[in-house]
Colleague: 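Below you will find the structure I want to go over with you.
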Amino acid sequence: MRSFGRWLLWMLLAGVALQLFFVLRIALMLVVDPQSTAFMRSEAWRVATESLTTADKQWRWSSQWVDYDNISPNLKRAVMASEDAGFAEHGGVDWEAIEAAWAKNERRQELIEKRQEQIEKKLAKKPEAAEAALRAIKPAKILGGSTITQQLAKNLLLSGERNLLRKGQELVLTLTLEALLSKRRILEIYLNSVEWGEGVFGAEAAAQRYFKKPASKLSAYEAARLAVMLPSPKFFETRPGSAYLSRRTATIVARMGDVSPP
């Protein structure tokens, strides 16, 4: 019992130390521009490894920090209209969106459990086949109803895992970001670090990659097109002629006037 208590104490101390590290890292961002995020470093390692192991894979990486005033207001409005229209008003978390996401998570889990029961009944006399069929069922994808601040918290300091523990840590970091940084600073860091394709990070790299111009010169249509790519940038990077991309871009252009960047 005494050893368990000591182990628990060390775990608590480690947890407190980790949270303090996160707070200090975020506080430093008040005056220092973060040149990379945990997600960017993870992707850089992946891209570098694949370029070495695959003969026809070339290293491609583009990321350049630009100040808030050197990012087109069109892109700020487009990203907010597409990703988080209430960004300027909420405290970092859209509780209604989270509630809706939880409801979807529960429905997905119920469907998976129902499917598992059906397989077990159908293949009751074939245990090996049943086991193989059950293994083939993918776990429910956890949805989070993420705001821009939550997405930044996830990309800045966390791994790419999707589980409830990591979502909890993401929530703590989100509230810390909102407490220590201004909305303007949060949006500035987000736009400079978000992924816009394979090895393409930040507004400046994206503007140069897709439109051969600086981020400060993006038109409303160009900005909206970049904003629409954000949920699945690598997917849309290889499908520039996507009909959905064009339709959604037009929708975002129409909504851009309803939001005001910080």
Side-chain angles (χ1 to χ4, degrees), residues 33-34 36-37 39-40 43-44 46-47 58-90 94 97 143-156 160 183-262:
D33 300 331
S36 67
T37 67
F39 179 72
M40 290 171 67
E43 281 295 288
R46 182 189 62 79
V47 172
Q58 292 185 343
W59 166 266
R60 190 181 75 185
W61 189 266
S62 181
S63 175
Q64 180 183 344
W65 180 277
V66 288
D67 292 336
Y68 188 83
D69 291 335
N70 289 325
I71 299 175
S72 170
N74 287 322
L75 185 59
K76 298 165 190 171
R77 291 192 181 93
V79 169
M80 288 176 61
S82 179
E83 296 287 288
D84 185 5
F87 171 70
E89 287 78 36
H90 63 59
D94 187 337
L143 303 176
S146 294
T147 63
I148 284 175
T149 313
Q150 285 176 280
Q151 292 178 48
L152 178 59
K154 175 184 64 177
N155 291 336
L156 266 177
K183 289 286 188 179
R184 176 187 172 104
R185 183 59 166 166
I186 290 171
L187 186 58
E188 179 183 36
I189 297 173
Y190 176 82
L191 290 175
N192 272 288
S193 59
V194 71
E195 181 185 37
W196 255 300
E198 179 79 359
V200 181
F201 287 89
E204 185 67 19
Q208 296 289 351
R209 166 74 173 80
Y210 298 107
F211 301 110
K212 311 300 181 186
K213 61 171 60 175
S216 60
K217 302 297 184 181
L218 290 169
S219 68
Y221 179 83
E222 292 165 344
R225 195 170 180 86
L226 288 180
V228 173
M229 292 178 66
L230 284 180
S232 304
K234 292 172 186 172
F235 177 85
F236 288 119
E237 179 184 26
T238 59
R239 295 166 177 81
S242 165
Y244 168 82
L245 190 60
S246 297
R247 289 195 304 271
R248 180 66 176 167
T249 296
T251 299
I252 296 304
V253 170
R255 293 179 180 175
M256 285 168 60
D258 297 331
V259 297
S260 298

Colleague: Is the side chain of Glu83 donor-acceptor paired with the backbone N or O of Ile148 at a distance under 3.5 Å, no angle test?
Modeller: no
Colleague: So which atom in Val228 and which in Phe236 form the shortest heavy-atom distance, rounded to 0.1 Å?
Modeller: O-CE1, 3.8 Å
Colleague: Tell me, please, which residues at least two apart from Ser193 pass side chain to side chain donor-acceptor pair (under 3.5 Å).
Modeller: none
Colleague: Answer yes or no: is there a side-chain heavy-atom contact under 4.5 Å between Ile189 and Thr37?
Modeller: no
Colleague: Taking salt bridge (charged side-chain N to carboxylate O under 4.0 Å, His left out) as the test, write out the residues that go with Glu222, two or more places apart.
Modeller: Lys213
Colleague: Val79 versus Tyr190: any side-chain heavy-atom pair under 4.5 Å?
Modeller: yes
Colleague: Minimum heavy-atom separation for Leu218 to Ala207, with atom names?
Modeller: CD2-CB, 3.9 Å
Colleague: Check whether Trp196 reaches the backbone of Leu226 with its side chain - one donor and one acceptor, N or O, closer than 3.5 Å.
Modeller: yes
Colleague: Strictly by side chain to side chain donor-acceptor pair (under 3.5 Å), give each pair with a member in residues 234-245 just once, sequence neighbours left out.
Modeller: Glu43-Lys234, Arg60-Glu237, Glu195-Lys234, Arg209-Glu237
Colleague: Applying salt bridge (Lys or Arg N to Asp or Glu O under 4.0 Å) as the test, list every pair that has at least one member in residues 64-82; sequence neighbours left out.
Modeller: Asp69-Arg184
Colleague: With sequence neighbours left out, what residues match Ser216 under side-chain contact (heavy atoms from CB on, under 4.5 Å)?
Modeller: Pro214
Colleague: Determine which pairs satisfy side chain to side chain donor-acceptor pair (under 3.5 Å) with at least one residue from residues 246-262, sequence neighbours left out, and list them in order.
Modeller: none
Colleague: Return the set of residues passing side chain to side chain donor-acceptor pair (under 3.5 Å) with Asn70 (not counting sequence neighbours), or none when no residue passes.
Modeller: none
Colleague: Measuring only between side-chain heavy atoms, which start at C-beta, is Leu75 closer than 4.5 Å to Met256?
Modeller: no
Colleague: Should Phe87 and Pro261 count as side-chain neighbours, where that means a heavy-atom distance under 4.5 Å?
Modeller: no
Colleague: Quick one, Asp33 with Asn192, criterion side chain to side chain contact (heavy atoms under 4.5 Å, CB included). Give me CA distance, side-chain angles, the key distance, then yes/no.
Modeller: CA-CA 10 Å; Asp33 300 331; Asn192 272 288; over 6 Å; no
Colleague: On a heavy-atom basis, which atom in Asn74 and which in Ser219 lie closest, and how many Å separate them?
Modeller: ND2-C, 3.6 Å
Colleague: What's the verdict on side chain to side chain contact (heavy atoms under 4.5 Å, CB included) for Glu89 and Lys183, showing C-alpha distance, side-chain angles and the deciding distance?
Modeller: CA-CA 9 Å; Glu89 287 78 36; Lys183 289 286 188 179; over 6 Å; no
Colleague: Which residues pass the side chain to side chain donor-acceptor pair (under 3.5 Å) test with Tyr221, sequence neighbours left out?
Modeller: Arg225
Colleague: Return the set of residues passing side chain to side chain donor-acceptor pair (under 3.5 Å) with Gln64 (not counting sequence neighbours), or none when no residue passes.
Modeller: none
Colleague: Name the one of Thr149, Asp84, Thr147 that satisfies side chain to side chain donor-acceptor pair (under 3.5 Å) with His90?
Modeller: Asp84
